[in-house]
Amino acid sequence: MTTATGTTAVQPREGRMARRAFAYWLTNYRRVWRGSLISGFLGPLFFLVAMGFGLGTLIDDGATGGLGTPGYVQFIAPGILAAQAMQTAVGESTFPVMGALKWQRQYHAMLAAPLGIADVVLGHVVFVTMRVAITSVAFAVVAVVLGAITSWWVLLAVPAAVLTGLAFTTPVFAFAARQDDDSGFNVLFRFIVMPMFLFSGTFFPVEQLPGVLEAVARVTPLWHGVELCRSLVTGTATALGSLGHVAYLTAWAAGGLWLAFASFRKRLVT
Amino acid sequence: MSAVSTLARALPVPAGAGMARALVERNARAFRHGWVTLVSGLFEPLFYLFSLGVGLGALIGDVDAGGGRMVDYAVYVAPAMMAAAAMNGAVFDSTFNLFFKLKYAKLYDSVLATPLGPRDVAVGEITWALLRGLLYSTAFLVVAAAAGVVRSWWAVLALPAASLIGLAFAAVGMTVTTYLRSWQDFDYIQLALLPMFLFSATFYPLSTYDESIRWVVQATPLYHGVAMTRDLMLGDVSWGILAHVAYLSVMGVVGLLLAARRIERLLLR
(Lines give C-alpha, C1' and ligand atoms only; values in the text may rest on other atoms or scores of the structure.)
Protein backbone atom coordinates (compact mmCIF):
# COMPACT_ATOMS: atom_id res chain seq x y z
CA MET A 1 0.00 0.00 0.00
CA THR A 2 2.54 2.55 1.14
CA THR A 3 5.33 2.12 -1.31
CA ALA A 4 7.76 4.77 -2.36
CA THR A 5 5.97 7.69 -0.74
CA GLY A 6 8.30 7.92 2.22
CA THR A 7 5.63 7.13 4.79
CA THR A 8 6.82 3.54 5.01
CA ALA A 9 9.30 4.51 7.66
CA VAL A 10 6.69 5.49 10.25
CA GLN A 11 4.28 2.68 9.41
CA PRO A 12 4.33 0.12 12.24
CA ARG A 13 4.60 -3.51 11.25
CA GLU A 14 1.28 -5.09 10.39
CA GLY A 15 -0.39 -6.79 13.31
CA ARG A 16 1.11 -4.43 15.90
CA MET A 17 -1.95 -2.18 15.93
CA ALA A 18 -4.68 -4.78 16.24
CA ARG A 19 -5.45 -3.33 19.66
CA ARG A 20 -6.74 -0.15 17.99
CA ALA A 21 -9.19 -2.13 15.87
CA PHE A 22 -10.28 -4.08 18.93
CA ALA A 23 -10.87 -0.82 20.82
CA TYR A 24 -13.23 0.32 18.09
CA TRP A 25 -15.39 -2.81 18.34
CA LEU A 26 -15.41 -2.58 22.12
CA THR A 27 -16.65 1.01 22.05
CA ASN A 28 -19.34 -0.04 19.65
CA TYR A 29 -20.35 -2.97 21.84
CA ARG A 30 -20.82 -0.78 24.91
CA ARG A 31 -23.86 0.68 23.19
CA VAL A 32 -25.62 -2.51 22.13
CA TRP A 33 -24.70 -5.15 24.69
CA ARG A 34 -28.19 -5.42 26.19
CA GLY A 35 -29.78 -6.92 23.10
CA SER A 36 -26.90 -9.31 22.54
CA LEU A 37 -27.31 -10.55 26.09
CA ILE A 38 -30.73 -11.87 25.17
CA SER A 39 -29.74 -13.82 22.09
CA GLY A 40 -26.32 -14.83 23.36
CA PHE A 41 -27.21 -15.84 26.87
CA LEU A 42 -30.93 -16.39 27.41
CA GLY A 43 -31.23 -18.53 24.26
CA PRO A 44 -28.83 -21.26 25.46
CA LEU A 45 -30.36 -21.04 28.93
CA PHE A 46 -33.84 -21.69 27.52
CA PHE A 47 -32.49 -24.68 25.60
CA LEU A 48 -30.86 -26.02 28.77
CA VAL A 49 -34.07 -25.73 30.80
CA ALA A 50 -36.44 -27.02 28.10
CA MET A 51 -34.27 -29.89 26.89
CA GLY A 52 -32.40 -30.71 30.09
CA PHE A 53 -35.23 -30.57 32.59
CA GLY A 54 -38.34 -30.94 30.40
CA LEU A 55 -37.27 -33.43 27.77
CA GLY A 56 -34.84 -34.87 30.31
CA THR A 57 -37.68 -36.38 32.30
CA LEU A 58 -38.67 -38.40 29.22
CA ILE A 59 -35.12 -39.56 28.59
CA ASP A 60 -34.28 -40.44 32.18
CA ASP A 61 -37.45 -42.57 32.38
CA GLY A 62 -37.07 -43.66 28.76
CA ALA A 63 -36.20 -46.80 26.87
CA THR A 64 -32.51 -46.86 27.84
CA GLY A 65 -32.73 -45.07 31.18
CA GLY A 66 -30.36 -42.19 30.51
CA LEU A 67 -26.91 -41.61 29.09
CA GLY A 68 -24.51 -42.45 31.89
CA THR A 69 -24.70 -39.07 33.60
CA PRO A 70 -26.84 -38.54 36.73
CA GLY A 71 -29.51 -36.96 34.53
CA TYR A 72 -29.93 -35.88 30.92
CA VAL A 73 -29.38 -32.27 31.92
CA GLN A 74 -25.79 -33.09 32.97
CA PHE A 75 -25.29 -34.64 29.54
CA ILE A 76 -26.44 -31.69 27.46
CA ALA A 77 -25.13 -28.79 29.58
CA PRO A 78 -21.51 -29.12 28.32
CA GLY A 79 -22.91 -29.79 24.81
CA ILE A 80 -24.86 -26.54 24.84
CA LEU A 81 -21.82 -24.73 26.28
CA ALA A 82 -19.84 -25.68 23.16
CA ALA A 83 -22.75 -25.18 20.76
CA GLN A 84 -23.56 -21.68 22.03
CA ALA A 85 -19.89 -20.78 21.55
CA MET A 86 -20.20 -21.88 17.92
CA GLN A 87 -23.42 -19.94 17.41
CA THR A 88 -22.12 -16.75 19.00
CA ALA A 89 -18.93 -17.03 16.96
CA VAL A 90 -20.71 -17.57 13.65
CA GLY A 91 -23.31 -14.89 14.37
CA GLU A 92 -20.60 -12.33 15.16
CA SER A 93 -18.50 -13.28 12.13
CA THR A 94 -21.15 -13.05 9.43
CA PHE A 95 -23.32 -9.92 9.33
CA PRO A 96 -20.93 -7.73 11.35
CA VAL A 97 -18.07 -8.61 8.98
CA MET A 98 -20.17 -8.00 5.90
CA GLY A 99 -21.43 -4.75 7.40
CA ALA A 100 -17.90 -3.56 8.08
CA LEU A 101 -16.84 -4.49 4.54
CA LYS A 102 -19.79 -3.25 2.61
CA TRP A 103 -22.44 -1.34 4.46
CA GLN A 104 -20.72 0.74 7.15
CA ARG A 105 -17.21 0.24 5.77
CA GLN A 106 -15.37 0.41 9.09
CA TYR A 107 -12.58 -1.70 7.62
CA HIS A 108 -11.95 0.87 4.90
CA ALA A 109 -11.76 3.56 7.54
CA MET A 110 -9.27 1.52 9.55
CA LEU A 111 -7.11 0.86 6.50
CA ALA A 112 -7.03 4.56 5.75
CA ALA A 113 -5.44 4.94 9.19
CA PRO A 114 -2.02 3.34 9.74
CA LEU A 115 -3.65 -0.06 10.35
CA GLY A 116 -2.93 -2.99 8.04
CA ILE A 117 -4.97 -6.04 7.05
CA ALA A 118 -3.57 -8.13 9.90
CA ASP A 119 -4.53 -5.44 12.44
CA VAL A 120 -8.05 -5.22 11.08
CA VAL A 121 -8.61 -8.99 11.09
CA LEU A 122 -6.91 -9.71 14.41
CA GLY A 123 -8.62 -6.82 16.18
CA HIS A 124 -12.04 -8.02 15.10
CA VAL A 125 -11.29 -11.71 15.75
CA VAL A 126 -10.14 -10.88 19.28
CA PHE A 127 -13.34 -8.90 19.83
CA VAL A 128 -15.49 -11.83 18.64
CA THR A 129 -13.53 -14.15 20.92
CA MET A 130 -14.23 -11.82 23.82
CA ARG A 131 -17.94 -12.00 23.01
CA VAL A 132 -17.78 -15.80 22.94
CA ALA A 133 -15.92 -15.78 26.26
CA ILE A 134 -18.57 -13.59 27.89
CA THR A 135 -21.47 -15.81 26.83
CA SER A 136 -19.54 -18.96 27.74
CA VAL A 137 -18.73 -17.73 31.24
CA ALA A 138 -22.30 -16.54 31.78
CA PHE A 139 -23.75 -19.85 30.61
CA ALA A 140 -21.30 -21.89 32.69
CA VAL A 141 -22.14 -19.92 35.84
CA VAL A 142 -25.86 -20.52 35.37
CA ALA A 143 -25.32 -24.21 34.55
CA VAL A 144 -23.35 -24.61 37.77
CA VAL A 145 -26.03 -22.78 39.78
CA LEU A 146 -28.73 -25.04 38.30
CA GLY A 147 -26.69 -28.13 39.10
CA ALA A 148 -26.30 -29.03 35.43
CA ILE A 149 -22.51 -28.85 35.74
CA THR A 150 -21.07 -30.08 39.02
CA SER A 151 -17.33 -30.37 38.43
CA TRP A 152 -14.50 -27.92 39.03
CA TRP A 153 -13.23 -28.93 35.59
CA VAL A 154 -15.73 -26.38 34.28
CA LEU A 155 -12.82 -23.95 34.72
CA LEU A 156 -11.15 -25.71 31.78
CA ALA A 157 -14.38 -26.36 29.88
CA VAL A 158 -14.96 -22.62 29.44
CA PRO A 159 -11.64 -22.01 27.62
CA ALA A 160 -12.41 -25.18 25.63
CA ALA A 161 -15.70 -23.60 24.54
CA VAL A 162 -13.90 -20.37 23.63
CA LEU A 163 -11.46 -22.37 21.50
CA THR A 164 -14.44 -24.09 19.84
CA GLY A 165 -15.79 -20.64 19.00
CA LEU A 166 -12.44 -19.58 17.56
CA ALA A 167 -12.38 -22.66 15.33
CA PHE A 168 -15.51 -21.21 13.71
CA THR A 169 -14.72 -17.49 13.88
CA THR A 170 -11.69 -17.44 11.57
CA PRO A 171 -13.03 -19.71 8.77
CA VAL A 172 -16.33 -17.78 8.81
CA PHE A 173 -14.38 -14.48 8.59
CA ALA A 174 -12.70 -15.85 5.47
CA PHE A 175 -16.05 -16.99 4.08
CA ALA A 176 -17.85 -13.71 4.87
CA ALA A 177 -15.15 -11.63 3.18
CA ARG A 178 -15.77 -13.52 -0.05
CA GLN A 179 -19.55 -12.93 -0.13
CA ASP A 180 -21.15 -10.26 -2.27
CA ASP A 181 -24.42 -10.28 -0.35
CA ASP A 182 -25.93 -11.99 2.65
CA SER A 183 -27.66 -14.87 0.84
CA GLY A 184 -24.64 -17.10 1.44
CA PHE A 185 -25.15 -16.65 5.18
CA ASN A 186 -28.58 -18.28 4.96
CA VAL A 187 -26.96 -21.34 3.45
CA LEU A 188 -24.23 -21.28 6.10
CA PHE A 189 -26.73 -21.07 8.96
CA ARG A 190 -29.19 -23.59 7.61
CA PHE A 191 -26.94 -26.20 6.05
CA ILE A 192 -23.87 -26.05 8.26
CA VAL A 193 -24.51 -24.42 11.63
CA MET A 194 -28.02 -25.76 12.28
CA PRO A 195 -27.24 -29.40 11.32
CA MET A 196 -24.07 -29.28 13.42
CA PHE A 197 -26.08 -27.95 16.36
CA LEU A 198 -28.58 -30.79 16.00
CA PHE A 199 -26.39 -33.73 14.99
CA SER A 200 -22.87 -33.20 16.39
CA GLY A 201 -23.42 -34.73 19.79
CA THR A 202 -25.02 -31.76 21.56
CA PHE A 203 -28.31 -33.50 22.31
CA PHE A 204 -27.47 -37.18 21.87
CA PRO A 205 -24.32 -39.29 21.37
CA VAL A 206 -23.32 -39.46 17.70
CA GLU A 207 -23.36 -43.26 17.99
CA GLN A 208 -27.15 -42.94 17.59
CA LEU A 209 -26.66 -41.83 14.00
CA PRO A 210 -26.43 -44.21 11.04
CA GLY A 211 -22.81 -45.16 10.16
CA VAL A 212 -22.00 -42.62 7.45
CA LEU A 213 -23.59 -39.71 9.29
CA GLU A 214 -21.74 -40.68 12.44
CA ALA A 215 -18.46 -40.45 10.55
CA VAL A 216 -19.44 -37.04 9.17
CA ALA A 217 -20.42 -35.82 12.63
CA ARG A 218 -17.03 -36.87 14.04
CA VAL A 219 -15.22 -34.70 11.49
CA THR A 220 -17.08 -31.51 12.45
CA PRO A 221 -15.24 -29.10 14.73
CA LEU A 222 -18.34 -28.86 16.91
CA TRP A 223 -18.21 -32.57 17.77
CA HIS A 224 -14.63 -32.13 18.98
CA GLY A 225 -15.65 -29.07 21.01
CA VAL A 226 -18.65 -30.86 22.54
CA GLU A 227 -16.60 -33.98 23.35
CA LEU A 228 -13.83 -31.88 24.88
CA CYS A 229 -16.22 -29.90 27.11
CA ARG A 230 -18.29 -32.93 28.04
CA SER A 231 -15.41 -35.23 28.88
CA LEU A 232 -13.88 -32.50 31.05
CA VAL A 233 -16.94 -31.84 33.21
CA THR A 234 -18.11 -35.45 33.44
CA GLY A 235 -14.65 -36.67 34.44
CA THR A 236 -14.13 -38.97 31.46
CA ALA A 237 -11.38 -36.91 29.83
CA THR A 238 -8.06 -38.49 28.93
CA ALA A 239 -4.95 -36.39 28.41
CA LEU A 240 -4.32 -37.76 24.95
CA GLY A 241 -7.95 -37.47 23.80
CA SER A 242 -8.25 -33.90 25.07
CA LEU A 243 -5.00 -32.87 23.40
CA GLY A 244 -6.28 -34.40 20.17
CA HIS A 245 -9.46 -32.32 20.32
CA VAL A 246 -7.50 -29.18 21.19
CA ALA A 247 -5.10 -29.78 18.30
CA TYR A 248 -7.95 -30.34 15.84
CA LEU A 249 -9.77 -27.17 16.92
CA THR A 250 -6.54 -25.17 16.86
CA ALA A 251 -5.87 -26.37 13.33
CA TRP A 252 -9.27 -25.04 12.21
CA ALA A 253 -8.65 -21.72 13.95
CA ALA A 254 -5.14 -21.32 12.48
CA GLY A 255 -6.12 -22.46 8.98
CA GLY A 256 -9.12 -20.15 9.11
CA LEU A 257 -6.97 -17.20 10.15
CA TRP A 258 -4.62 -17.79 7.25
CA LEU A 259 -7.58 -17.91 4.85
CA ALA A 260 -9.12 -14.83 6.46
CA PHE A 261 -5.93 -12.81 5.89
CA ALA A 262 -5.96 -13.88 2.25
CA SER A 263 -9.67 -13.13 1.76
CA PHE A 264 -9.46 -9.73 3.42
CA ARG A 265 -6.35 -8.79 1.44
CA LYS A 266 -8.05 -9.77 -1.80
CA ARG A 267 -11.22 -7.89 -0.96
CA LEU A 268 -9.77 -4.73 0.54
CA VAL A 269 -6.33 -4.17 -0.94
CA THR A 270 -6.10 -5.53 -4.43
CA MET B 1 -47.03 -13.15 -18.63
CA SER B 2 -45.07 -15.55 -16.49
CA ALA B 3 -46.55 -18.39 -14.49
CA VAL B 4 -45.72 -16.56 -11.29
CA SER B 5 -47.77 -13.51 -12.11
CA THR B 6 -50.65 -15.58 -13.48
CA LEU B 7 -50.74 -17.42 -10.17
CA ALA B 8 -50.59 -14.19 -8.21
CA ARG B 9 -53.53 -12.74 -10.12
CA ALA B 10 -55.65 -15.83 -9.72
CA LEU B 11 -55.49 -15.67 -5.92
CA PRO B 12 -58.58 -14.90 -3.89
CA VAL B 13 -58.09 -11.76 -1.82
CA PRO B 14 -60.40 -10.44 0.92
CA ALA B 15 -62.68 -7.51 0.19
CA GLY B 16 -61.44 -4.03 1.00
CA ALA B 17 -58.00 -4.85 -0.28
CA GLY B 18 -58.72 -5.22 -3.94
CA MET B 19 -55.19 -4.45 -5.13
CA ALA B 20 -53.31 -6.61 -2.66
CA ARG B 21 -52.57 -9.20 -5.33
CA ALA B 22 -50.39 -6.67 -7.13
CA LEU B 23 -48.11 -6.65 -4.09
CA VAL B 24 -48.10 -10.45 -3.97
CA GLU B 25 -47.09 -10.48 -7.61
CA ARG B 26 -44.33 -7.95 -6.92
CA ASN B 27 -42.97 -10.11 -4.10
CA ALA B 28 -43.11 -13.26 -6.20
CA ARG B 29 -41.21 -11.56 -9.02
CA ALA B 30 -38.64 -10.04 -6.67
CA PHE B 31 -38.10 -13.44 -5.08
CA ARG B 32 -37.19 -15.34 -8.20
CA HIS B 33 -33.52 -14.66 -7.54
CA GLY B 34 -33.82 -15.67 -3.93
CA TRP B 35 -34.77 -19.28 -4.51
CA VAL B 36 -31.81 -20.60 -2.52
CA THR B 37 -33.15 -18.79 0.52
CA LEU B 38 -36.64 -20.03 -0.29
CA VAL B 39 -35.63 -23.67 -0.57
CA SER B 40 -33.25 -23.56 2.39
CA GLY B 41 -36.11 -22.56 4.69
CA LEU B 42 -37.60 -25.98 4.20
CA PHE B 43 -34.77 -27.85 5.82
CA GLU B 44 -34.78 -26.49 9.35
CA PRO B 45 -37.94 -28.29 10.55
CA LEU B 46 -36.77 -31.47 8.82
CA PHE B 47 -33.38 -31.33 10.54
CA TYR B 48 -35.15 -30.91 13.86
CA LEU B 49 -37.50 -33.79 13.06
CA PHE B 50 -34.69 -36.20 12.23
CA SER B 51 -32.38 -35.04 15.00
CA LEU B 52 -35.02 -35.42 17.68
CA GLY B 53 -37.03 -38.23 16.15
CA VAL B 54 -34.14 -40.47 15.12
CA GLY B 55 -31.39 -39.41 17.52
CA LEU B 56 -33.38 -38.85 20.68
CA GLY B 57 -36.34 -41.07 19.81
CA ALA B 58 -34.37 -44.25 20.49
CA LEU B 59 -33.47 -42.96 23.94
CA ILE B 60 -37.01 -41.93 24.79
CA GLY B 61 -39.26 -44.67 23.48
CA ASP B 62 -42.99 -44.02 23.59
CA VAL B 63 -44.58 -40.77 24.71
CA ASP B 64 -48.04 -39.99 26.02
CA ALA B 65 -49.58 -37.70 23.40
CA GLY B 66 -52.46 -36.82 25.71
CA GLY B 67 -55.33 -38.97 26.94
CA GLY B 68 -53.18 -42.06 27.25
CA ARG B 69 -52.26 -42.39 23.55
CA MET B 70 -48.75 -43.79 23.52
CA VAL B 71 -46.85 -42.96 20.33
CA ASP B 72 -43.26 -43.02 19.06
CA TYR B 73 -41.36 -39.87 19.95
CA ALA B 74 -40.93 -38.98 16.26
CA VAL B 75 -44.70 -39.21 15.77
CA TYR B 76 -45.15 -36.99 18.80
CA VAL B 77 -42.68 -34.31 17.76
CA ALA B 78 -43.44 -34.09 14.00
CA PRO B 79 -46.69 -32.06 14.28
CA ALA B 80 -44.98 -29.69 16.71
CA MET B 81 -42.17 -29.07 14.22
CA MET B 82 -44.72 -28.33 11.51
CA ALA B 83 -46.61 -25.87 13.70
CA ALA B 84 -43.41 -24.22 14.94
CA ALA B 85 -42.12 -23.91 11.38
CA ALA B 86 -45.35 -22.17 10.39
CA MET B 87 -44.86 -19.74 13.26
CA ASN B 88 -41.19 -19.09 12.59
CA GLY B 89 -41.67 -18.62 8.85
CA ALA B 90 -44.56 -16.21 9.29
CA VAL B 91 -42.77 -14.18 11.94
CA PHE B 92 -39.55 -14.01 9.95
CA ASP B 93 -41.39 -12.81 6.87
CA SER B 94 -43.53 -10.27 8.68
CA THR B 95 -40.73 -8.82 10.82
CA PHE B 96 -37.26 -8.88 9.19
CA ASN B 97 -38.47 -8.64 5.62
CA LEU B 98 -41.15 -6.09 6.40
CA PHE B 99 -38.79 -3.95 8.48
CA PHE B 100 -36.28 -3.86 5.65
CA LYS B 101 -38.92 -2.86 3.13
CA LEU B 102 -40.40 -0.27 5.48
CA LYS B 103 -37.21 1.43 6.66
CA TYR B 104 -34.56 0.82 4.03
CA ALA B 105 -36.03 -0.15 0.70
CA LYS B 106 -38.85 2.38 1.27
CA LEU B 107 -40.92 0.01 -0.82
CA TYR B 108 -44.28 1.08 0.55
CA ASP B 109 -43.65 4.74 -0.18
CA SER B 110 -43.61 3.81 -3.84
CA VAL B 111 -46.43 1.31 -3.46
CA LEU B 112 -48.72 3.95 -1.97
CA ALA B 113 -47.99 6.30 -4.85
CA THR B 114 -49.89 3.76 -6.99
CA PRO B 115 -53.61 2.98 -6.53
CA LEU B 116 -52.74 0.56 -3.70
CA GLY B 117 -53.73 1.51 -0.15
CA PRO B 118 -52.34 0.60 3.29
CA ARG B 119 -54.80 -2.26 3.64
CA ASP B 120 -53.54 -3.69 0.36
CA VAL B 121 -50.06 -3.60 1.83
CA ALA B 122 -51.11 -5.45 4.99
CA VAL B 123 -53.19 -8.06 3.19
CA GLY B 124 -50.72 -8.45 0.34
CA GLU B 125 -47.71 -9.01 2.59
CA ILE B 126 -49.58 -11.46 4.79
CA THR B 127 -50.92 -13.35 1.77
CA TRP B 128 -47.39 -13.64 0.47
CA ALA B 129 -46.16 -14.91 3.84
CA LEU B 130 -48.96 -17.49 3.88
CA LEU B 131 -48.17 -18.71 0.36
CA ARG B 132 -44.55 -19.27 1.30
CA GLY B 133 -45.69 -20.99 4.47
CA LEU B 134 -48.01 -23.27 2.53
CA LEU B 135 -45.14 -24.33 0.32
CA TYR B 136 -43.06 -25.24 3.37
CA SER B 137 -45.80 -27.06 5.25
CA THR B 138 -46.77 -29.10 2.18
CA ALA B 139 -43.18 -30.19 1.68
CA PHE B 140 -42.80 -30.96 5.38
CA LEU B 141 -45.98 -33.03 5.45
CA VAL B 142 -44.89 -35.03 2.41
CA VAL B 143 -41.52 -35.84 3.99
CA ALA B 144 -43.13 -36.63 7.35
CA ALA B 145 -45.62 -38.99 5.66
CA ALA B 146 -42.80 -40.67 3.73
CA ALA B 147 -40.90 -41.11 7.00
CA GLY B 148 -43.96 -42.83 8.44
CA VAL B 149 -44.73 -40.40 11.25
CA VAL B 150 -48.17 -39.34 9.99
CA ARG B 151 -50.98 -41.46 11.40
CA SER B 152 -54.17 -40.31 9.67
CA TRP B 153 -55.72 -38.75 6.56
CA TRP B 154 -56.91 -35.95 8.81
CA ALA B 155 -53.32 -34.76 8.40
CA VAL B 156 -54.30 -33.15 5.09
CA LEU B 157 -56.18 -30.62 7.20
CA ALA B 158 -52.90 -29.81 8.92
CA LEU B 159 -52.07 -27.71 5.83
CA PRO B 160 -54.86 -25.15 6.34
CA ALA B 161 -54.13 -25.41 10.05
CA ALA B 162 -50.53 -24.38 9.42
CA SER B 163 -51.79 -21.48 7.30
CA LEU B 164 -54.01 -20.38 10.18
CA ILE B 165 -51.02 -20.44 12.53
CA GLY B 166 -49.10 -18.45 9.94
CA LEU B 167 -51.90 -15.91 9.62
CA ALA B 168 -52.14 -15.36 13.37
CA PHE B 169 -48.39 -14.87 13.80
CA ALA B 170 -47.84 -12.87 10.60
CA ALA B 171 -50.59 -10.41 11.53
CA VAL B 172 -49.27 -9.86 15.03
CA GLY B 173 -45.67 -9.84 13.81
CA MET B 174 -46.51 -7.14 11.30
CA THR B 175 -48.13 -4.99 13.96
CA VAL B 176 -45.11 -5.38 16.24
CA THR B 177 -42.72 -4.53 13.39
CA THR B 178 -44.31 -1.11 12.94
CA TYR B 179 -43.19 -0.27 16.48
CA LEU B 180 -39.56 -1.38 16.08
CA ARG B 181 -36.83 1.24 16.02
CA SER B 182 -33.69 -0.64 14.98
CA TRP B 183 -32.27 -4.08 14.23
CA GLN B 184 -31.31 -4.39 17.89
CA ASP B 185 -34.99 -4.54 18.79
CA PHE B 186 -35.28 -7.83 16.92
CA ASP B 187 -33.63 -9.51 19.88
CA TYR B 188 -36.86 -8.89 21.79
CA ILE B 189 -38.86 -10.76 19.14
CA GLN B 190 -36.42 -13.62 19.58
CA LEU B 191 -37.06 -13.35 23.30
CA ALA B 192 -40.76 -14.03 22.72
CA LEU B 193 -40.36 -16.72 20.06
CA LEU B 194 -37.69 -18.99 21.48
CA PRO B 195 -39.41 -19.76 24.80
CA MET B 196 -42.65 -20.40 22.91
CA PHE B 197 -40.84 -22.74 20.54
CA LEU B 198 -39.27 -24.64 23.43
CA PHE B 199 -41.99 -24.66 26.07
CA SER B 200 -45.35 -24.94 24.21
CA ALA B 201 -45.64 -28.72 24.66
CA THR B 202 -43.55 -28.95 21.50
CA PHE B 203 -40.85 -31.35 22.70
CA TYR B 204 -42.54 -33.00 25.69
CA PRO B 205 -46.13 -33.32 26.94
CA LEU B 206 -47.96 -30.70 28.95
CA SER B 207 -48.16 -33.21 31.82
CA THR B 208 -44.40 -32.74 32.38
CA TYR B 209 -45.14 -29.34 33.86
CA ASP B 210 -46.32 -28.77 37.37
CA GLU B 211 -50.08 -28.17 37.42
CA SER B 212 -49.62 -24.65 38.75
CA ILE B 213 -47.89 -23.43 35.57
CA ARG B 214 -49.76 -25.46 32.93
CA TRP B 215 -52.17 -22.57 32.33
CA VAL B 216 -49.24 -20.34 31.29
CA VAL B 217 -48.29 -22.82 28.60
CA GLN B 218 -51.91 -23.18 27.53
CA ALA B 219 -52.25 -19.42 27.16
CA THR B 220 -49.60 -19.18 24.43
CA PRO B 221 -50.73 -19.17 20.79
CA LEU B 222 -48.17 -21.76 19.73
CA TYR B 223 -49.55 -24.23 22.26
CA HIS B 224 -52.89 -24.06 20.44
CA GLY B 225 -51.19 -24.38 17.07
CA VAL B 226 -49.22 -27.43 18.19
CA ALA B 227 -52.22 -29.09 19.87
CA MET B 228 -54.37 -28.53 16.77
CA THR B 229 -51.75 -29.88 14.36
CA ARG B 230 -51.01 -32.85 16.63
CA ASP B 231 -54.69 -33.85 16.86
CA LEU B 232 -54.94 -33.73 13.08
CA MET B 233 -51.77 -35.67 12.33
CA LEU B 234 -52.60 -38.34 14.90
CA GLY B 235 -56.18 -38.49 13.61
CA ASP B 236 -57.59 -37.78 17.05
CA VAL B 237 -60.13 -35.15 16.04
CA SER B 238 -62.90 -33.92 18.33
CA TRP B 239 -64.98 -30.74 18.63
CA GLY B 240 -62.37 -29.47 21.08
CA ILE B 241 -60.16 -28.60 18.13
CA LEU B 242 -62.48 -25.69 17.36
CA ALA B 243 -61.26 -23.92 20.49
CA HIS B 244 -57.74 -23.85 19.03
CA VAL B 245 -59.11 -22.63 15.69
CA ALA B 246 -61.08 -19.87 17.42
CA TYR B 247 -58.09 -18.69 19.47
CA LEU B 248 -55.85 -18.40 16.39
CA SER B 249 -58.57 -16.84 14.21
CA VAL B 250 -59.25 -14.07 16.71
CA MET B 251 -55.52 -13.42 17.00
CA GLY B 252 -55.22 -13.25 13.20
CA VAL B 253 -58.15 -10.93 12.62
CA VAL B 254 -57.27 -8.53 15.43
CA GLY B 255 -53.65 -8.52 14.28
CA LEU B 256 -54.64 -7.80 10.71
CA LEU B 257 -56.84 -4.85 11.67
CA LEU B 258 -54.16 -3.38 13.92
CA ALA B 259 -51.46 -3.89 11.30
CA ALA B 260 -53.43 -2.09 8.59
CA ARG B 261 -54.11 0.82 10.95
CA ARG B 262 -50.49 1.10 12.00
CA ILE B 263 -49.23 1.04 8.43
CA GLU B 264 -51.73 3.73 7.53
CA ARG B 265 -50.47 5.93 10.37
CA LEU B 266 -46.83 5.32 9.53
CA LEU B 267 -47.08 5.90 5.82
CA LEU B 268 -49.94 8.35 5.27
CA ARG B 269 -49.56 10.64 8.25
Side-chain angles (χ1 to χ4, degrees), chain A residues 31-40 42-51 53-67 72 75 95 99 103 181-191 194-210 213 217, chain B residues 33-64 72-73 76-77 92 96 100 104 182-210 217:
Chain A
R31 295 168 188 273
V32 296
W33 62 274
R34 283 180 197 81
S36 72
L37 205 65
I38 294 168
S39 46
L42 286 180
L45 178 61
F46 287 146
F47 264 96
L48 180 69
V49 173
M51 298 299 190
F53 294 108
L55 194 62
T57 58
L58 297 183
I59 289 171
D60 296 336
D61 309 337
T64 54
L67 289 164
Y72 181 61
F75 177 83
F95 285 97
W103 298 322
D181 60 53
D182 58 351
S183 62
F185 295 159
N186 266 316
V187 177
L188 175 70
F189 281 116
R190 283 172 162 157
F191 291 111
M194 173 64 64
M196 270 199 229
F197 178 63
L198 290 171
F199 294 100
S200 290
T202 317
F203 296 110
F204 53 87
V206 291
E207 287 81 7
Q208 296 288 331
L209 294 169
L213 287 181
Chain B
H33 302 290
W35 63 270
V36 176
T37 315
L38 188 74
V39 172
S40 72
L42 169 65
F43 285 87
E44 188 170 324
L46 291 178
F47 285 145
Y48 264 96
L49 177 62
F50 286 110
S51 169
L52 298 171
V54 177
L56 279 177
L59 304 172
I60 292 173
D62 287 349
V63 184
D64 181 1
D72 267 353
Y73 187 64
Y76 177 82
V77 88
F92 185 83
F96 280 95
F100 181 77
Y104 296 93
S182 71
W183 293 109
Q184 266 77 42
D185 286 342
F186 280 87
D187 284 316
Y188 297 103
I189 294 182
Q190 226 29 57
L191 186 63
L193 282 191
L194 189 62
M196 247 199 287
F197 174 59
L198 290 169
F199 295 106
S200 298
T202 29
F203 296 106
Y204 45 89
L206 187 65
S207 56
T208 312
Y209 294 104
D210 193 68
V217 177

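Numbered from 1 within each chain, the chains take letters A, B, ... in sequence-line order.
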Taking the six-membered ring where the residue is Trp, are the ring centres of B:Tyr48 and B:Phe197 under 6.0 Å apart? yes
Can you say whether B:Tyr209 sits under 4.5 Å from chain A via the side chain, the backbone, both, or neither, judging by heavy atoms? neither
On the 0 to 90° scale, with breaks at 30° and 60°, tag the B:Phe47-B:Phe43 ring pair as parallel, tilted or perpendicular. tilted
Which bit of A:Leu198 comes within less than 4.5 Å of chain B, counting heavy atoms only: side chain, backbone, both or neither? both
Between chain B and each of A:Phe199, A:Phe203, A:Phe197, count heavy-atom pairs under 4.5 Å; write down the option with the most. A:Phe199
Tell me, side chain or backbone of A:Phe189 under 4.5 Å from chain B's heavy atoms, or both, or neither? neither
Mind ranking A:Pro210, A:Ser183, A:Pro195, A:Pro205 by heavy-atom pairs under 4.5 Å with chain B and telling me who comes out on top? A:Pro195
Closest heavy-atom contact between A:Gly201 and A:Val206? N-CG1, 3.7 Å
Structural part of B:Phe203 lying under 4.5 Å from a heavy atom of chain A: both
Taking B:Tyr76 for its side chain and B:Asp64 for its backbone only, find out whether a donor-acceptor pair lies under 3.5 Å. no
To the nearest 0.5 Å, atom CG of B:Leu46 lies from atom CE of A:Met194 at 12.0 Å
